Undergrad: 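To start, I am sharing the structure in question, which I have written as structure tokens.
Naming convention: chains lettered A, B, ... in sequence-line order (proteins, then strands); numbering from 1 in each chain. None of the values given here were measured: they were computed from a predicted structure.
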There are 2 protein chains.
Amino acid sequence: MSSLIQIGELSERAGVSHRTIHYYERLGLVQPAEREGAGYRYYDETALKRLEKIAALKRLGLNLDEIAAVLPLYFADATGIKGKEKVVEILKVQLAKAETQLHELTAFKRDLEGNIARMEELIAQAQRG
Amino acid sequence: MSSLIQIGELSERAGVSHRTIHYYERLGLVQPAEREGAGYRYYDETALKRLEKIAALKRLGLNLDEIAAVLPLYFADATGIKGKEKVVEILKVQLAKAETQLHELTAFKRDLEGNIARMEELIAQAQRG
DNA sequence: ATGTAACCTGACGTTAGCTTTAGATTGTGG
DNA sequence: CCACAATCTAAAGCTAACGTCAGGTTACAT
């Protein structure tokens with residue numbers, strides 16, 4: 001059962017507004033599986049998965065253009081992708097960024113843990129004294 | 001030698017525009033060590049360090065409000081911070097976000113590496129065949 | 001003392017990523 | 001069959017994080 005859903009359900013399940021979905025559609029990030037005569041959009045499950053992937057990539061700091069560049073890799077057959085050299089370049093840039101970010105994030109996490117420990121110690125001292 | 005620098009040198013060394021520094025100043029993120037009669041801003045080394053920290057935190061996806069909340073922890077004496085419980089809460093939220101992001105980022109990196117390998121293999125095949 | 005480079009402020013412009021508004025159309029439970 | 005919820009489009013509005021513009025002041029080298 002390919003059971004298509006409308007934009008209302010999709011937006012609710014994906015946790016984004018229907019206007020956001022329209023916006024993403026214009027940017028080529030998601031497309032309805034079909035549109036009947038009246039213009040209503042009907043989506044399948046992959047639409048939901050795309051929206052979830054978009055959200056995840058956004059959390060990593062990619063903007064919608066960058067997401068548009070890497071998203072097809074998650075849903076398209078790799079052999080069918082045109083301009084593979086270009087895509088590889090983009091991916092390598094993203095990889096370098098990801099690696100930098102991993103280091104910074106690890107350092108940031110350590111800082112946070114250290115600061116939390118310090119603060120909690122100070123709070124405990126204040127309560128004792 | 002506390003050798004103060006002007007906004008031009010600071011902006012160049014930090015890699016941000018002087019208008020950005022003005023903007024950050026209005027948000028309370030950086031302050032000049034002193035301003036003489038004419039209004040010129042003179043900065044010390046900590047200003048540069050603050051700008052670098054701001055840039056690093058931005059790369060992790062924090063917005064300027066969030067940065068304003070955690071930045072003092074890097075430069076202020078912890079004992080002097082008011083509302084420690086509140087600060088700890090903020091830090092813990094940041095920590096949880098950082099951990100989530102670490103996982104997602106690690107997964108994303110794996111995906112990238114896999115995709116790069118696949119694409120390069122396809123490119124190599126196309127060149128051979 | 002003058003040119004010119006660095007600085008100042010305030011106001012307006014810009015881009016991304018949406019949200020809101022407004023009015024029209026469509027689908028459906030009672 | 002009709003009220004009403006869901007959907008549609010286009011256009012305008014909004015926030016963050018700056019950049020640009022315009023006009024004016026300051027510092028310093030020649």
Side-chain angles (χ1 to χ4, degrees), chain A residues 3-44 47-48 50-71 90 93-94 97 101, chain B residues 3-44 47-48 50-71 90 94 97:
Chain A
S3 73
L4 301 178
I5 60 176
Q6 282 182 249
I7 200 166
E9 184 176 346
L10 179 63
S11 88
E12 191 168 342
R13 289 221 265 160
V16 302
S17 79
H18 65 282
R19 297 304 285 124
T20 297
I21 296 175
H22 286 177
Y23 180 62
Y24 286 175
E25 181 178 327
R26 279 207 2 214
L27 299 184
L29 296 176
V30 256
Q31 301 295 337
E34 78 168 75
R35 297 191 68 165
E36 60 160 32
Y40 279 32
R41 294 165 173 83
Y42 294 91
Y43 299 92
D44 57 21
L48 181 56
R50 289 180 82 96
L51 288 177
E52 284 164 352
K53 201 72 198 175
I54 291 168
L57 294 176
K58 280 192 57 176
R59 279 194 293 276
L60 298 180
L62 282 77
N63 64 34
L64 296 182
D65 276 3
E66 294 172 320
I67 291 173
V70 304
L71 198 57
I90 294 172
V93 170
Q94 292 298 332
K97 280 175 58 178
Q101 207 177 341
Chain B
S3 74
L4 300 179
I5 61 176
Q6 282 181 247
I7 199 167
E9 184 176 346
L10 178 63
S11 89
E12 191 169 341
R13 290 221 264 160
V16 302
S17 79
H18 66 281
R19 296 302 282 131
T20 296
I21 296 175
H22 285 177
Y23 180 61
Y24 287 176
E25 181 179 326
R26 278 205 3 210
L27 299 185
L29 296 176
V30 254
Q31 300 296 335
E34 78 166 77
R35 298 191 67 164
E36 58 162 31
Y40 279 32
R41 294 166 172 83
Y42 295 91
Y43 299 92
D44 57 21
L48 179 58
R50 290 180 81 96
L51 289 176
E52 285 165 350
K53 200 72 198 175
I54 291 168
L57 295 176
K58 279 192 58 176
R59 280 193 293 276
L60 299 181
L62 282 79
N63 64 34
L64 296 182
D65 276 3
E66 293 172 321
I67 292 174
V70 303
L71 198 59
I90 295 172
Q94 294 296 335
K97 281 175 59 178

Undergrad: What is the separation between atom CG on A/L4 and atom P on D/dT7, rounded to the nearest whole Å?
TA: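 So the two atoms are 14 Å apart, to the nearest Å.
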Undergrad: Could you tell me the separation between the CG atom of B/L64 and the P atom of D/dA16, rounded to a whole number of Å?
TA: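 That distance rounds to 10 Å.
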Undergrad: Between B/K58 and D/dC18, is there a contact of a side-chain N or O with OP1 or OP2 at under 4.0 Å?
TA: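 B/K58 to D/dC18 OP1/OP2: side-chain N or O found under 4.0 Å.
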Undergrad: Find the distance B/L29:CG to D/dC18:C1' and express it as a whole number of Å.
TA: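 Nearest whole value for this atom pair: 13 Å.
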Undergrad: Between A/Y42 (OH) and D/dT7 (P), how many Å, whole number?
TA: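 In whole Å, D/dT7 P lies 9 Å from A/Y42 OH.
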Undergrad: So, for B/I21 and B/V30, which heavy atoms are closest and what is the spacing to 0.1 Å?
TA: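 So the two residues come closest at O-CG2, 4.2 Å.
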Undergrad: At under 4.0 Å between heavy atoms, what does A/Y24 touch on the DNA or RNA strands: base, sugar-phosphate, or nothing?
TA: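 The residue A/Y24 makes sugar-phosphate contact but no base contact.
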Undergrad: From the set D/dT7, D/dG19, D/dA17, return the single nucleotide nearest to any side-chain atom of B/S17.
TA: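 Looking only at side-chain atoms, B/S17 lies closest to D/dG19.
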Undergrad: Take A/I7 and B/Y40, find for each the nucleotide of DNA chain D with the closest heavy atom, and name the residue whose nucleotide sits nearer the 5' end.
TA: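 Looking at DNA chain D, the more 5' nearest nucleotide goes with A/I7.
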Undergrad: Give me the atom names and distance for the closest heavy-atom approach of A/S11 to A/S17.
TA: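 Residues A/S11 and A/S17, closest heavy atoms: CB-C, 3.9 Å.
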Undergrad: How many whole angstroms separate atom OH of A/Y23 from atom C1' of D/dA11?
TA: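 So the two atoms are 15 Å apart, to the nearest Å.
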Undergrad: To the nearest 0.5 angstrom, please state how far the CZ atom of B/R19 sits from the CD1 atom of B/I7.
TA: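 If I round to the nearest 0.5 Å, the distance is 8.5 Å.
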Undergrad: Using side-chain hydrogen bond (donor to acceptor under 3.5 Å, both in side chains) as the criterion, point out the one residue from B/Q31, B/Q6, B/E25 that pairs with B/R41.
TA: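 For B/R41, the side-chain hydrogen bond (donor to acceptor under 3.5 Å, both in side chains) test succeeds with only one of B/Q31, B/Q6, B/E25, which is B/E25.
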Undergrad: Please report the distance, rounded to the nearest Å, between CD in A/E9 and C1' in D/dA5.
TA: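 After rounding, the gap between these two atoms is 15 Å.
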Undergrad: Both distances under 3.5 Å, Watson-Crick or G-U wobble: on that basis, could you give the dot-bracket string for DNA chain D, with [ ] for crossing pairs and | for other-strand partners?
TA: ||||||||||||||||||||||||||||||
Undergrad: What distance separates B/L51 CG from B/L71 CG, expressed to the nearest 0.5 Å?
TA: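 Here the interatomic distance stands at 9.0 Å.
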Undergrad: Counting only heavy atoms not in B/E12 (residues, nucleotides, ligands), do more than 12 fall under 6.0 Å from its CD?
TA: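 Count not over threshold, so no.
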Undergrad: So if I take every side-chain heavy atom of B/R19 and compare against D/dA11, D/dC21, D/dA27, which nucleotide ends up nearest?
TA: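 Of all the options, the side chain of B/R19 is nearest to D/dC21.
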Undergrad: Could you tell me whether the side chain of B/E66 and the main chain of B/N63 form a donor-acceptor pair under 3.5 Å?
TA: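 Checking the backbone N and O of B/N63 against the side chain of B/E66, a donor-acceptor pair under 3.5 Å is found.
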Undergrad: Whole angstroms only, please: what is the CZ-C1' distance between B/R26 and D/dC18?
TA: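 Result: 11 Å.
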Undergrad: Measure across B/D44 and B/A33 and return the closest heavy-atom pair with its distance rounded to 0.1 Å.
TA: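 Smallest heavy-atom distance, with atoms named: OD2-CB, 3.8 Å.
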Undergrad: Atom CD1 of A/I21 and atom C1' of D/dT9: how far apart are they, to the nearest Å?
TA: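 Roughly 16 Å, once rounded to whole Å.
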Undergrad: Could you tell me the boundaries of the chain A footprint on DNA chain C, defined by atoms under 4.0 Å from its heavy atoms?
TA: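 Using the under 4.0 Å cut-off, the span is C/dG17 to C/dG27.
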Undergrad: Just to be sure I understand the rule, does A/D65 reach a base, reach only the sugar-phosphate, or reach nothing, if contact means heavy atoms closer than 4.0 Å?
TA: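 Counting heavy atoms under 4.0 Å across all strands, no contact is made by A/D65.
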Undergrad: Heavy-atom nearest nucleotide on DNA chain C for A/T20 versus B/R41: which residue maps closer to 5'?
TA: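 Nearest-nucleotide comparison on DNA chain C picks B/R41.
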Undergrad: Please check: side-chain N/O of B/R59 versus main-chain N/O of A/Q101, any donor-acceptor pairing under 3.5 Å?
TA: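 The answer is no, because no donor-acceptor pair under 3.5 Å joins these two groups.
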Undergrad: Scan A/R35 against the nucleic acid and name what it touches under 4.0 Å (heavy atoms): base, sugar-phosphate only, or nothing.
TA: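 Sugar-phosphate, no base atom in range.
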Undergrad: Regarding A/H18, tell me which of base, sugar-phosphate or nothing describes its non-hydrogen contacts under 4.0 Å with the strands shown.
TA: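 Counting heavy atoms under 4.0 Å across all strands, no contact is made by A/H18.
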Undergrad: How many angstroms lie between atom CG of B/L64 and atom CG of B/L57, to the nearest 0.5 angstrom?
TA: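 B/L64 CG to B/L57 CG: 10.0 Å, rounded to 0.5 Å.
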